[in-house]
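This report concerns only the one structure given below.
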Amino acid sequence: MTQNKNIIIANWKMNHSFDATEEWLKSFNKEIEGNNNLPEIVLCPPAILIDYCDELLLGGELEILESKGNNIEELEESQIDKLATDIRKVHLGGQDCGYDEKGAFTGDIAANMLHDAGCKYVILGHSERRKNHFESDEIVQKKIVTALKNKLVPILCIGESLELREENKYLDFIKSQILSSIPKNIEIEQLIIAYEPIWSIGTGKIPSKDQISEMADFIVGEIKNNKDLKINGLRILYGGSTNSQNTAEIMSVNNVSGMLVGGASLKAKEFAQMAVLAK
Ligand code: 13P
């Protein structure tokens, strides 16, 4: 189980228009221009904006390739894709996907659609979906299987309520979320687990460094000690009320490889500052 490169993920939730997206990407790219010492950066916009983001990102990449002397018109599409992917600094992710490959699921989006639109990642089991769309661990597990089949890296969200924390039942709860959400006995190349305590999401309340550390160590331990879970690359993220002021402290926690950012990711400059600090 190896920990690879740090990663910072923007979860825009149900925010931003097409215009705001273009502005955001312009401003974000300006902020990180020339900086080659960055963590992996992932943007998860609403589904309707994914293809647009991919197009805007590709436009910027082609400009860079041309400025480096590549004659784009002479290249085949697959070569252009490869070159652009190699220099891509912002990767895309979905905020959810269906558990079936296709079919009569009004309003849902299939994993292969996300992949085709340029996604590498997908957030699954976010507490807002668990609460508002009644998603159980069993459903989340089916979604992880489908995401993996479609070459998407799942970002599994787990986290306890304030009540469970106060009753000191939070570790048992997290253990049950891990055991019921992660598919067993299948080889998983990469899995990201975002620990997002529900009481911290959008509230400005943040667990202490020790509390985050306890949880990150606990998650790693539970996964390592379970023979049925076969995960080659595991990364643990923290999410909930993160911003540029608390990034450095969170990133200094052992076993934390990144952050899943909500509100603060809506502002390009703020998110760029966080990305630089998350390296
Ligand atoms: P906030 O960063 O707005 O607290 O949201 C966290 C979150 O839910 C990210 O998925």
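Note that ligands are numbered from 1 as they come in the structure, with each ligand's atoms numbered from 1 the same way.
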Protein contact to atom 5 (O) of ligand 1 [nearest heavy atom, distance to 0.1 Å]: Lys13 NZ, 3.3 Å
Distance under 4.0 Å to a non-hydrogen atom of Gly263: what atoms of ligand 1 satisfy this? 1 (P), 2 (O), 3 (O)
Numbering the atoms of ligand 1 from 1, which are under 4.0 Å from a heavy atom of Glu196? 6 (C), 7 (C), 8 (O), 9 (C), 10 (O)
Please check whether His126 reaches ligand 1 - meaning an N/O of the residue sits under 3.5 Å from an N/O of the ligand, judged on distance alone. yes
Counting only heavy atoms not in Glu63, do more than 12 fall under 6.0 Å of its CD? no
Ion pair Glu40/Lys5, N-O distance below 4.0 Å: no
Ile123 and Leu266: same hydrophobic cluster, using ILVMFWY side-chain contacts below 4.5 Å? no
Residues Lys142 and Asp100 bridged, charged N to O under 4.0 Å: no
Atoms in ligand 1 with a heavy atom of Leu260 nearer than 4.0 Å: 9 (C), 10 (O)
Need the ligand 1 atom indices (1-based, order shown) with element for anything under 4.0 Å from a heavy-atom of Asn11. 9 (C), 10 (O)
Heavy-atom contacts under 4.0 Å between Ile201 and ligand 1: side chain, backbone, both, or neither? both
Could you establish whether Ala264 and ligand 1 come within less than 4.0 Å of each other, counting only heavy atoms on the residue side? no
Out of Gly202, Ser200, Gly262, whose heavy atom is nearest to atom 4 (O) of ligand 1? Gly202
For Lys184 and Leu179, indicate whether the former's side chain and the latter's backbone hold a donor-acceptor pair under 3.5 Å. yes
Which residue in the set Leu124, Val42, Leu234, Val153 passes side-chain contact (heavy atoms from CB on, under 4.5 Å) when paired with Ile192? Val153
Take Leu57 and Leu43 through the test side chain to side chain contact (heavy atoms under 4.5 Å, CB included) and record every step on the way to the result. CA-CA 11 Å; Leu57 289 165; Leu43 172 59; 5.9 Å; no
